[in-house]
There are 2 protein chains.
Amino acid sequence: MPSNDHSDAGRSGKPPGRAPVRITDVAAAAGVSAITVSRALNTPDLLSKATLRRVLTAVKQLGYVPNLTAGALSSRRSRMVVAIVPTIASPMYAETLQSFTSTLSAAGYNVVLGLGGFDDRNEEQLVTTLLGRQPDGMLLVGAVHSAAARRRLAQAGIPIAEIWGDGSPDGDLQVGFSHVGAGEAVATHLMGRGYERFGIISSDDSRALERLEGFRAALGRRGHDIAFQRLVAPPSTIMEGRRSLDGLLRELPRGGAVFCSSDLLAAGLVIEARVRGLEVPRDLAVCGFGDLEIGRALEPALTTVSVDGAEMGQMAARCLIARLSGDPAPQHITVPVEIIQRATS
Amino acid sequence: MPSNDHSDAGRSGKPPGRAPVRITDVAAAAGVSAITVSRALNTPDLLSKATLRRVLTAVKQLGYVPNLTAGALSSRRSRMVVAIVPTIASPMYAETLQSFTSTLSAAGYNVVLGLGGFDDRNEEQLVTTLLGRQPDGMLLVGAVHSAAARRRLAQAGIPIAEIWGDGSPDGDLQVGFSHVGAGEAVATHLMGRGYERFGIISSDDSRALERLEGFRAALGRRGHDIAFQRLVAPPSTIMEGRRSLDGLLRELPRGGAVFCSSDLLAAGLVIEARVRGLEVPRDLAVCGFGDLEIGRALEPALTTVSVDGAEMGQMAARCLIARLSGDPAPQHITVPVEIIQRATS
DNA sequence: AGCGATCATGTTAACGATACCATTCTTGGC
DNA sequence: GCCAAGAATGGTATCGTTAACATGATCGCT
């Protein structure tokens with residue numbers, strides 16, 4: 001009977017003969033104790049120059065890669081942050097996630113990605129698994145709806161940053177803007193430009209719907225209403241914008257103005273309008289949302305609402321980092337929302 | 001410099017009075033041992049109905065969230081996969097990552113995101129940290145260039161899937177297509193349509209350049225050459241496409257055909273051409289790459305090379321999962337590349 | 001010169017889970 | 001009715017690292 005004493009046999013991992021270098025191997029090579037190696041990598045200031053050099057040499061020579069899983073278990077700091085995003089197929093969220101991840105990466109954190117989709121189906125499942133990773137912090141893009149999931153988050157005891165929020169804060173850290181306010185601003189802008197008939201094409205998700213309500217309310221205050229309204233299933237696409245024109249023209253005579261909940265929808269609308277020989281904005285004015293590249297590059301260039309997704313991601317990351325470092329961090333950050341008037345209104 | 005003793009209490013964790021429920025707590029509540037709880041969650045088949053029910057009740061009641069970090073350390077399986085992507089600001093990669101993540105998520109894996117950018121600067125740093133997370137597998141979108149980083153990867157002993165590759169495989173699992181072949185196919189297509197003057201606008205990254213070379217070679221074989229060539233810094237944008245027209249028109253008289261390394265560049269070119277009163281494709285034919293939504297929705301719709309980014313992501317995920325489950329998985333998968341002829345050529 | 005303060009390093013014991021092997025309790029075949 | 005084979009469960013060691021505390025060396029100051 002082969003008795004698996006101590007080393008290689010027993011809990012052997014992957015098939016190929018790997019050489020898992022552990023911290024003790026490095027320690028032995030450098031003639032120090034394990035904790036000294038740990039300190040060389042985490043708190044080098046605590047060591048003498050000579051020891052530090054010796055350890056780092058050994059690290060390099062052996063090709064030591066610290067096992068961060070073990071480190072996390074022991075120190076109770078995983079240096080990981082979970083980001084839950086509805087989708088990254090949408091450029092707005094992608095941009096936000098990109099800058100969020102980059103900023104955290106520079107500070108030594110890794111990001112674990114959770115894709116929520118737009119339904120609450122397996123939200124609890126997702127949140128639970130991800131919390132099991134023991135993240136030091138969390139980013140929620142958009143709200144978490146399932147009650148069970150929210151409870152879990154609240155009990156997790158980690159800082160949670162929420163961005164693109166829709167006004168029902170789960171986290172203790174908000175980076176965002178008022179969607180209602182944005183809708184109002186668009187209404188004000190369009191009324192100011194002299195338009196008198198209005199339509200809206202909106203994605204059927206909670207944040208877009210808030211903007212819709214803001215839009216409607218501001219119009220109403222001045223005696224206007226929404227003559228045409230169309231909800232489309234997320235994620236928004238250019239094609240869906242093109243397809244919206246038909247219905248729109250039936251309800252809205254020439255000279256109206258339409259607010260689209262995404263630049264993608266707006267771009268589609270403009271493209272289709274031109275194909276039909278309409279002149280934008282004379283026959284149809286359009287305002288998008290998001291200030292995506294396509295709007296800037298379109299002809300005519302799209303009037304839109306600019307919210308800096310990258311900025312929000314970076315802000316959220318910075319706040320989390322501050323919070324995790326014990327530094328004070330603001331609880332609420334409002335990112336400016338700006339109407340960029342270009343050629344379609 | 002005062003050593004920053006940030007935490008006041010001992011190893012008590014986060015400030016707010018949390019109740020970290022451990023597996024032993026659940027075990028006690030259910031009147032079983034810890035290992036039984038573990039089995040209830042991981043291999044429920046091994047338990048009797050009655051015990052299973054009892055344990056799951058306790059789990060729910062206590063709101064137990066398994067510490068996956070500890071589990072990973074003990075079992076040497078992290079159930080995490082690292083994805084290294086140049087950027088997710090580009091829709092192509094975003095799409096790939098989206099489907100990759102979704103597929104893995106459904107199989108119980110989490111994805112750790114690494115953003116590489118297009119430079120090799122801190123590539124080794126990034127790879128090292130991420131390997132330290134003990135991922136079970138890895139996805140490389142595009143190649144890893146730093147020699148040190150490649151060595152690390154090779155020694156990691158985990159399956160590595162590489163997609164969007166440029167022909168210098170790091171991993172042992174390839175999902176992709178021939179970029180050279182794609183360039184050739186475009187050349188063949190355009191020549192077949194009767195064009196005789198050619199231009200190219202390409203992103204300055206290795207994969208796009210391979211397509212360029214394929215394009216050039218195929219043209220050369222039939223006695224043609226590239227009359228206009230422009231390299232633009234990644235990531236590609238619509239605006240950059242628009243800006244390219246000026247130079248292009250100087251070198252390429254009306255009736256030429258241009259291959260763009262991205263649908264974004266191609267879309268910009270088409271938009272600008274129409275602004276200048278050119279007719280597409282009569283005055284200028286354009287072929288893009290990537291089959292993005294914008295190409296489909298553009299007017300005139302863009303001829304392009306379709307590579308299914310989502311499909312590739314899903315394939316890569318499936319292969320990794322198979323490999324990790326001990327099932328056989330193909331080493332090389334070639335995804336079909338198809339020229340979609342629409343209205344711009 | 002003595003002595004507390006500071007620096008540099010080491011020892012020990014977790015962190016929370018699972019692998020391995022052992023143990024008890026069933027079961028069925030002859 | 002007895003024994004081998006399997007089902008159900010538990011005990012113990014361990015995964016690789018870091019926190020907490022301990023120790024010895026160094027140093028400046030009265």
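Chain A is the first sequence line, chain B the second, and so forth, proteins listed ahead of strands; every chain is numbered from 1.
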* So what does B:Thr51 hit on the nucleic acid, given a heavy-atom distance under 4.0 Å: a base, only sugar-phosphate, or nothing? -> sugar-phosphate

* Of A:Val112, A:Val111, A:Leu68, which meets side chain to side chain contact (heavy atoms under 4.5 Å, CB included) against A:Met80? -> A:Val112

* To do: Between A:Ile35 and B:Ser48, name the one whose nearest nucleotide on DNA chain D is closer to the 5' end.
  => B:Ser48

Euclidean distance, atom [atom1] of residue [X] to atom [atom2] of [N] [Å, nearest integer]:
{"X": "A:Leu73", "N": "D:dT18", "atom1": "CG", "atom2": "C1'", "result": "10 Å"}
{"X": "A:Gln134", "N": "D:dT17", "atom1": "CD", "atom2": "C1'", "result": "15 Å"}
{"X": "B:Asn67", "N": "C:dG16", "atom1": "CG", "atom2": "P", "result": "7 Å"}
{"X": "B:Asp25", "N": "C:dA17", "atom1": "CG", "atom2": "C1'", "result": "13 Å"}
{"X": "B:Arg133", "N": "D:dT17", "atom1": "CZ", "atom2": "C1'", "result": "13 Å"}
{"X": "A:Ile23", "N": "D:dC15", "atom1": "CD1", "atom2": "P", "result": "14 Å"}

* Apply side chain to side chain donor-acceptor pair (under 3.5 Å) to B:Thr103 and list each qualifying residue two or more places apart in sequence or on a separate chain. => none

* Asked: For B:Glu95, what residues pass the side chain to side chain donor-acceptor pair (under 3.5 Å) criterion, not counting sequence neighbours?
  -> none

* Find out whether A:Leu153 and A:Ile160 are in side-chain contact, i.e. whether some heavy atom of one side chain is under 4.5 Å from a heavy atom of the other. => yes

* To do: Would you mind reporting whether B:Leu131 and B:Met138 have side-chain heavy atoms less than 4.5 Å apart?
  => yes

* Please round to the nearest 0.5 Å and tell me the distance separating atom CE of A:Met312 and atom CG of A:Leu139. => 9.0 Å

* CA sep, side-chain torsions, deciding dist, call: B:Leu320, B:Tyr109, side chain to side chain contact (heavy atoms under 4.5 Å, CB included) -> CA-CA 11 Å; B:Leu320 279 179; B:Tyr109 288 87; over 6 Å; no

Between [X] and [Y] (side chain of the first, backbone of the second, donor and acceptor by atom type, cut-off under 3.5 Å), is there such a pair?
{"X": "A:Thr96", "Y": "A:Gly309", "value": "yes"}
{"X": "A:Glu123", "Y": "A:Ser146", "value": "yes"}
{"X": "A:Glu124", "Y": "A:Ala149", "value": "no"}
{"X": "B:Gln98", "Y": "A:Ile88", "value": "yes"}

Is the shortest side-chain N/O distance from [X] to OP1 or OP2 of [N] below 4.0 Å?
{"X": "A:Arg22", "N": "D:dC15", "value": "no"}
{"X": "B:Tyr64", "N": "C:dG16", "value": "no"}
{"X": "B:Thr36", "N": "D:dA8", "value": "no"}
{"X": "A:Arg76", "N": "C:dG16", "value": "yes"}

* To do: Please confirm whether any donor atom in the side chain of A:Ser74 sits under 3.5 Å from an acceptor in the base of D:dT18, or the reverse.
  => yes

* For DNA chain C, determine which residues of residues 38-47 of chain B have any heavy atom closer than 4.0 angstrom to one of its atoms, and list them numerically. => B:Ser38, B:Asn42

Any N/O pairs under 3.5 Å between the protein and nucleotides 25-27 of chain D? List them or say none.
none

* Have a look at the helix from C:dA1-D:dT30 to C:dC30-D:dG1 and give the angle its two end axes make, five pairs each, rounded to 10 degrees. => 30°

Show me the donor-acceptor pairs, under 3.5 Å and distance only, between side chains in residues 50-64 of chain A and residues at least two apart or in other chains.
unit_1  : atom_1 : unit_2  : atom_2 : d
A:Thr51 : OG1    : A:Ser48 : OG     : 2.8
A:Arg54 : NH1    : A:Ala30 : O      : 2.7
A:Thr57 : OG1    : A:Arg53 : O      : 2.7

